[in-house]
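Structure first, then comments.
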Amino acid sequence: QENIPQLKVVTTTSLIEQIVRRIGNEKVDVINIIPPAQCPGHFDIKPGNIQKLADADIFFLHGWQGEKFSDQLISSVENPDMTVVTLDIQGNWMVPSVQREAVEKIKDALVKSDTENHSYYEKQSAQYIELINTKEKEINAELKTVDFARVKVLCAEMQLGLIKWTGLSVVAAYGRPDSLTPKVVKELVDKGRLENVSLIIDNLQSGKDAGIGIAEELDCPRIILSNFPGGVENTETWEKTIDYNIQLILDI
């Protein structure tokens, strides 16, 4: 077992990392770059990151606007054999349908780079997709116990995809803390009052305190959801992260 060379994989975020680990298991050696609680848009390259890519077989990235550091990283590495895979996937990866799409694309890339183990990757990804389907049904059943369409919320843009998927009624979405000028905050508060908003939803990675002032003004509860596995303790997988987020919503 130990003599079989593992496929060396580098990922930009834990969203990609946890899927690679599940599909690849012992066939892959995975190194992730951005810490899960950190925003990809505020990540600075360190010399160690360049070293991680020096002998990588595959480098998986999202290709997000906030991930521009990866262009610089790729051009700094002298590794002509490295395959760069940009996962152009729209939507919030916490949403089951988006997670399934990511699994398929990552599996296809692993199969292409390591054809010898293609049946293994196919089997592992099929098992994981089955788990996603089961979890989706389970959460949908939980969500049906509450009339979420009547719950009006203001939420961080980065959580918009998941929040719409839950059925909560989104009155408005807001950006990172640095975009929340006094004028923007006033507009959000006014809108919140007008629409009887009863919950503020912040995003851990893009500024967990962004909605504090709005919640105080509207005198309503605020929760902080995570967009990346491992961003919060005991959430190292997709299903643990979505469970954590859904539970926070249901507890309100």
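Remember, it's a predicted structure, so these values are computed and weren't measured experimentally. Every heavy atom of this structure was used, including side-chain atoms; hydrogens, water molecules and symmetry mates were not.
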Handout entry: Worked check of side chain to side chain contact (heavy atoms under 4.5 Å, CB included) between Val9 and Ile31
Key = CA-CA 6 Å; Val9 182; Ile31 295 170; over 6 Å; no
Problem - Asn133/Leu131 under side chain to side chain contact (heavy atoms under 4.5 Å, CB included): CA gap, chis, key distance, verdict - result: CA-CA 5 Å; Asn133 296 342; Leu131 184 148; over 6 Å; no
Exercise for the section: Evaluate the criterion side chain to side chain contact (heavy atoms under 4.5 Å, CB included) for residue pair Leu180 and Leu188; output intermediate values, then yes/no. Expected result: CA-CA 10 Å; Leu180 294 174; Leu188 287 164; 3.9 Å; yes
Practice task
Go through the steps to decide whether Ile34 and Phe228 satisfy the test side chain to side chain contact (heavy atoms under 4.5 Å, CB included), and finish with yes or no.
Solution key: CA-CA 10 Å; Ile34 306 169; Phe228 292 85; over 6 Å; no
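Side-chain heavy atoms closer than 4.5 Å link hydrophobic residues (I, L, V, M, F, W, Y) into clusters, and following such links, possibly through other members, connects Ile33 to Val84. Criterion: ILVMFWY side-chain heavy atoms under 4.5 Å apart, direct or through other members. Under it, Val85 and Leu15 are part of a common hydrophobic cluster.
Residue Gln205 holds its CD atom at 10.0 Å from CG of Leu225, rounded to the nearest 0.5 Å. Remark: Glu122 CD to Leu110 CG distance equals 10.5 Å, nearest 0.5 Å. Atoms CD and OG, on Glu130 and Ser125 in that order, are 11.0 Å from each other to the nearest 0.5 Å. In this structure, Asp219 CG and Ser198 OG are separated by 12.0 Å, a value rounded to the nearest 0.5 Å. Interatomic distance, OG1 of Thr145 versus CG of Asn140, reported as 11.0 Å (0.5 Å rounding). One distance of note links CE of Met158 with CG of Asp202; it measures 13.0 Å at 0.5 Å rounding.
Taking 4.5 Å as the limit, every side-chain heavy atom of Leu248 sits out of range of all side-chain heavy atoms of Ile201. Side chains of Leu154 and Val170 form no contact here, defined as non-hydrogen atoms less than 4.5 Å apart. The shortest side-chain heavy-atom distance between Arg150 and Ser169 does not fall under the 4.5 Å cut-off. At a threshold of 4.5 Å between non-hydrogen side-chain atoms, the residues Trp165 and Leu160 do not count as touching. Gln124 places none of its side-chain heavy atoms less than 4.5 Å from the side chain of Lys107. Considering only heavy atoms from C-beta on, Val28 stays 4.5 Å or farther from Ile23 through its side chain. In this structure, the side chains of Phe60 and Thr86 stay at 4.5 Å or more apart for every pair of heavy atoms. Looking only at side-chain heavy atoms (C-beta outward), Thr11 and Val20 come within less than 4.5 Å of each other.
Ion pairing between a basic and an acidic side chain is recognised when a charged N comes within 4.0 Å of a carboxylate O; Asp114 and Lys27 show no such pairing. Glu104 and Arg100 are not joined by a salt bridge, as no carboxylate oxygen comes within less than 4.0 angstrom of a charged side-chain nitrogen. Ion pairing between a basic and an acidic side chain is recognised when a charged N comes within 4.0 Å of a carboxylate O; Asp243 and Lys135 show such pairing.
Here the closest heavy-atom approach between residue Ala210 and residue Pro177 is recorded as CB-CG, 3.9 Å. Between Leu204 and Gly231, the shortest heavy-atom contact is CD2-O, 3.5 Å. Between Thr235 and Lys240, the shortest heavy-atom distance links the atoms CA-CB, 3.8 Å.
A donor-acceptor pair shorter than 3.5 Å cannot be found between the side chains of Asp55 and Asn79. Defined by atom type and a distance below 3.5 Å, a donor-acceptor pair is present between the side-chain atoms of Gln159 and Asn203.
Listed by first and then second residue, the ring-ring contact (aromatic ring centres under 6.0 Å, His included) pairs that reach into residues 90-124 are His62-Trp93, sequence neighbours excluded.
Residues forming a salt bridge (Lys or Arg N to Asp or Glu O under 4.0 Å) with Lys112 (at least two apart in sequence, or on another chain): none. Residues passing the side chain to side chain donor-acceptor pair (under 3.5 Å) test with Lys191, sequence neighbours excluded: none. In this structure Glu157 satisfies the side chain to side chain contact (heavy atoms under 4.5 Å, CB included) test together with Ala173, sequence neighbours excluded. Take Trp238 and apply the ring pair (Phe, Tyr, Trp, His ring centres under 6.0 Å) test, not counting sequence neighbours, and it matches no residue. Scanning for side chain to side chain donor-acceptor pair (under 3.5 Å) contacts around Gln18 gives Arg22, Gln99, Tyr128, with sequence neighbours left out.
A side-chain contact (heavy atoms from CB on, under 4.5 Å) with Ile242 is found for one member of Ile139, Ile132, Thr237 and no other, namely Ile139. Of the listed residues (Ile58, Leu53, Asp57), just one forms a side-chain contact (heavy atoms from CB on, under 4.5 Å) with Lys8, and that residue is Asp57.
Surrounding CZ of Arg193 are more than 12 heavy atoms belonging to other residues, nucleotides or ligands, all under 6.0 Å away. Within a 6.0 Å radius of NZ in Lys52, other residues, nucleotides and ligands contribute more than 12 heavy atoms.
For the pair Ser14 (side chain) and Pro36 (backbone), a donor-acceptor distance under 3.5 Å is absent. For the pair Asn92 (side chain) and Asn227 (backbone), a donor-acceptor distance under 3.5 Å is absent. At least one donor-acceptor pair under 3.5 Å links the side chain of Arg21 to the backbone N or O of Val30. At distances below 3.5 Å, at least one donor-acceptor pair connects side-chain atoms of Asn32 with backbone N or O atoms of Thr13. One N or O on the side chain of Gln6 and one on the backbone of Glu26 form a donor-acceptor pair closer than 3.5 Å.
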